Engineer: 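The structure that follows is given in the form of C-alpha cells.
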Number of protein chains: 2
Amino acid sequence: MSDLFAPLDDHPAYRQIANLIEERIVARVLRTGDALPSETDLARQFGVNRSTIREAIRELEIHGLLGRGRGEKRLRVTRPEPGSVSSGVSRALALHDVTFMELWEAMMAIEPAAAQYAATRRTADQLRSITRAHARFNREIADTAATVSAVLDFFTAVAAASGNQVLALSQAPLNLLLEPALSSIVDRVPQARARIQTAQGKIIDAIKLNKSEQARSWMEKHIRDFKRGHELETSMA
Amino acid sequence: MSDLFAPLDDHPAYRQIANLIEERIVARVLRTGDALPSETDLARQFGVNRSTIREAIRELEIHGLLGRGRGEKRLRVTRPEPGSVSSGVSRALALHDVTFMELWEAMMAIEPAAAQYAATRRTADQLRSITRAHARFNREIADTAATVSAVLDFFTAVAAASGNQVLALSQAPLNLLLEPALSSIVDRVPQARARIQTAQGKIIDAIKLNKSEQARSWMEKHIRDFKRGHELETSMA
DNA sequence: CGTGGCAGAATTGTCGGACAGTCCGATTAT
DNA sequence: ATAATCGGACTGTCCGACAATTCTGCCACG
C-alpha cells in the first residue's frame with residue numbers, strides 16, 4: 001500500500017507562512033476581530049520579504065479568514081461566511097459539468113432535512129426572514145431574475161433557520177448552481193410559479209406551527225416539483 | 001430593500017486580473033490541462049508587474065483552478081478536486097464551533113442518500129475502493145488513527161460511488177470535521193469497532209447487490225450509531 | 001468637555017529590477 | 001537509440017521605491 005519513500009513536496013515559503021498564520025487563527029490565538037500586524041511587521045517577524053508575506057495573506061484572505069471592512073486598510077481576522085466559501089464550491093462544481101439530476105439529488109437530501117429542523121428550532125426572527133422571502137416571491141411575478149432570487153433566498157432562509165451551520169453551509173453552494181436551471185424553468189413553464197407559491201406557503205405554515213414532519217414532506221414535494229419542471233422545460237426546448 | 005447608493009468597492013488590480021483569468025477558465029477558453037503562459041508573459045499581456053500577477057495567480061491556485069503536477073514548474077489549468085475545496089469548508093465550519101449534533105444531522109442527510117445512489121450506480125472499480133477501505137479498517141485494529149482514517153475513506157469511497165459530484169463534494173468536508181470526534185469514540189467506546197465493522201459489511205453487501213433501499217437504511221443505522229457512540233463517549237469523559 | 005480639523009506617520013498597492021535554483025528542450029556523445 | 005550535457009526559461013524570493021490612502025495624536029475652537 002505505502003511506498004518506502006513518499007514524494008517530497010517542498011512547500012514554498014508563502015505557503016508555510018500561510019499555514020502558520022492559519023494555525024494561530026484556528027487556535028484562537030488571533031481572535032476574530034483582531035487586527036493583523038502590518039505586512040512590514042510580519043515580514044520582519046518571519047524574516048522574509050514583504051512580497052512573500054503578501055502572497056501568504058492573499059491565501060488567507062481568499063479563504064475568508066482575513067478580511068477588511070470597506071474602506072479599511074488593515075486586515076483583521078474574520079470568520080468565513082457561507083457566501084465566501086460556497087462560491088468556491090459551486091465554481092468547482094460548475095467546472096465539473098454538474099448535471100441537473102446531480103444537483104437535484106443533493107437538494108433532495110439536504111433541503112428537506114433543513115426544513116425539518118427549521119420547524120423545531122426556528123426563532124421568530126428566522127421565521128420572519130422566510131416569510132419575507134416568500135412575500136418577495138409573491139410580489140415579483142413579472143421579473144424572472146427577481147423571482148428566482150426570491151426562491152433562492154427562501155432556501156437560504158430555511159437553511160439558516162435550521163440552526164445547523166453544517167447544513168446551511170452545504171446548502172449555500174446549491175443555490176448558485178440552481179439559479180440558471182431555475183431561471184429557465186420559471187421562464188418557460190407557466191404553472192411553475194403557482195406551484196412554488198403553494199409549496200412555499202405550506203412549508204411556512206408547517207415551520208410556523210413547529211410541525212417538523214410536515215415541513216419535511218412539503219419540502220420534499222417542493223423539490224420534486226423542480227424535477228418535473230425541469231423535465232417539462234427540456235421537453236419543450 | 002436596495003439602497004440608493006451601493007458601497008463602491010475598488011477592486012485592486014490583482015483581483016481584477018484573477019477574475020479575468022477565471023472567466024477564461026470557466027468559459028473553457030483555457031481548457032483543462034492547458035499550460036498557462038509564464039508569469040512574465042502574463043505581466044506583459046496585462047501590462048502590470050509580475051508581483052501583481054503572482055498575487056492574482058495565487059488566488060486561482062488556491063481555488064484549485066490552477067495547479068501543477070509534482071515537480072512541475074509551469075502552472076496548468078486543472079479542475080478543482082473535492083479535497084481542495086472541502087478543506088476550506090471544514091476550516092470555516094471549525095471556526096464556527098460546529099457541534100457534534102450539527103455535524104451528525106448533516107451526515108444523516110447526506111450519507112444515506114450517497115449510499116442509496118451508490119447501490120444503483122457504482123462501477124466495479126468504485127466497489128473495489130469501498131471494500132478496500134473496509135479491509136483496511138479490519139486490518140488496522142490496533143492503531144486508532146489508522147482506524148479512523150479507514151472509516152473516513154469508506155465514506156469518501158461511498159460518496160464517490162454515488163456517481164453524484166454534488167453529493168461527493170458536500171460529503172468531503174464532513175470527514176474532516178468527523179475525524180476528531182470519531183477518534184475519541186473509537187478510543188473510548190470499546191464496542192465501536194465491532195459495530196462499525198458490521199455496518200460497513202452490511203452496506204457493502206447492499207451496494208454489491210444493487211439493493212439501494214437496504215444500502216440507505218444500513219447507512220442510516222450506521223450513522224445513528226455514531227450518535228450513540230458519541231453519547232457514550234461524552235458520558236464517560 | 002466634546003468636536004472638528006490637520007500634519008505627519010503608517011500602511012497598502014504597485015512597480016522596477018535582480019539572482020539563485022530548478023526544470024525543459026535541444027544538442028551532442030556513447 | 002539512449003544517455004549525458006548545456007543553455008535558456010521560469011519560478012521563488014529578495015531589495016528598494018513611490019503614490020495614494022488611512023490612522024493617529026495633537027491642537028484649536030465652539
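In the text below, chain A, chain B and the rest are named by the order of the sequence lines, each starting its count at 1. Since this is a predicted model, take the numbers as computed values, not measurements.
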Engineer: Over how many whole Å does the gap from Asn49(B) atom CG to dA18(C) atom P extend?
Structural biologist: 13 Å
Engineer: With a non-hydrogen cut-off below 4.0 angstrom, is Arg74(A) in contact with a base, only sugar-phosphate, or nothing?
Structural biologist: sugar-phosphate
Engineer: Look at the aromatic rings of Phe154(B) and His222(B) and report parallel, tilted or perpendicular, splitting at 30° and 60°.
Structural biologist: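 Ring orientation of Phe154(B) relative to His222(B): perpendicular.
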Engineer: Could you tell me whether the side chain of Arg50(A) has a donor or acceptor atom within less than 3.5 Å of a complementary atom in the base of dT14(C)?
Structural biologist: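 Answer is yes: a donor-acceptor pair is held.
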Engineer: Is it the case that Gln171(B) and Asn175(B) place a side-chain donor and acceptor less than 3.5 Å from each other?
Structural biologist: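 A pair is found: one side chain offers a donor N or O, the other an acceptor, under 3.5 Å apart.
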Engineer: Tell me: NZ of Lys73(A) to P of dG13(C), nearest whole Å?
Structural biologist: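 After rounding, the reported distance stands at 7 Å.
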Engineer: Quickly work out the Ile17(B) CD1 to dG13(C) P distance and round it to whole Å.
Structural biologist: 14 Å
Engineer: Can you list the steps and then say if Arg58(A) with Tyr14(A) is a side-chain hydrogen bond (donor to acceptor under 3.5 Å, both in side chains)?
Structural biologist: CA-CA 10 Å; Arg58(A) 204 63 56 227; Tyr14(A) 60 83; over 6 Å; no
Engineer: Which is true for Arg68(A) with a 4.0 Å heavy-atom rule: it touches a base, it touches only sugar-phosphate, or it touches nothing?
Structural biologist: sugar-phosphate
Engineer: Using distance alone, with no hydrogens and no angle criterion, decide if Ser149(A) and Arg136(A) have a side-chain donor and acceptor under 3.5 Å apart.
Structural biologist: yes
Engineer: Do Val166(B) and Ser170(B) come close enough that some side-chain heavy atom pair is under 4.5 Å?
Structural biologist: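 Side-chain contact under 4.5 Å: yes.
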Engineer: How close or far is atom C1' of dT14(C) from atom CZ of Arg54(A), stated in whole angstroms?
Structural biologist: 8 Å
Engineer: For Leu42(A) and dA10(C), what is the distance between atoms CG and C1' respectively, to the nearest whole Å?
Structural biologist: 14 Å
Engineer: Taking the six-membered ring for Trp, are Phe155(B) and Phe226(B) parallel (under 30°), tilted (30 to 60°) or perpendicular (over 60°)?
Structural biologist: perpendicular
Engineer: Let me know the distance between CD1 of Ile57(A) and C1' of dT12(C), rounded to the nearest Å.
Structural biologist: 9 Å
Engineer: Rounded to whole angstroms, how far apart are CD on Glu55(A) and P on dT12(C)?
Structural biologist: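 To the nearest whole Å, that distance equals 16 Å.
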Engineer: Can you tell me which residue among Arg74(A), Arg54(A), Lys73(A) is in a salt bridge (Lys or Arg N to Asp or Glu O under 4.0 Å) with Glu39(A)?
Structural biologist: Arg54(A)
Engineer: Starting from P on dT12(C), measure out to CZ on Arg58(A) and report it in whole angstrom.
Structural biologist: 10 Å
Engineer: What are the 5'-most and 3'-most nucleotides of DNA chain D lying under 4.0 Å from any heavy atom of chain B?
Structural biologist: dC10(D) to dT13(D)
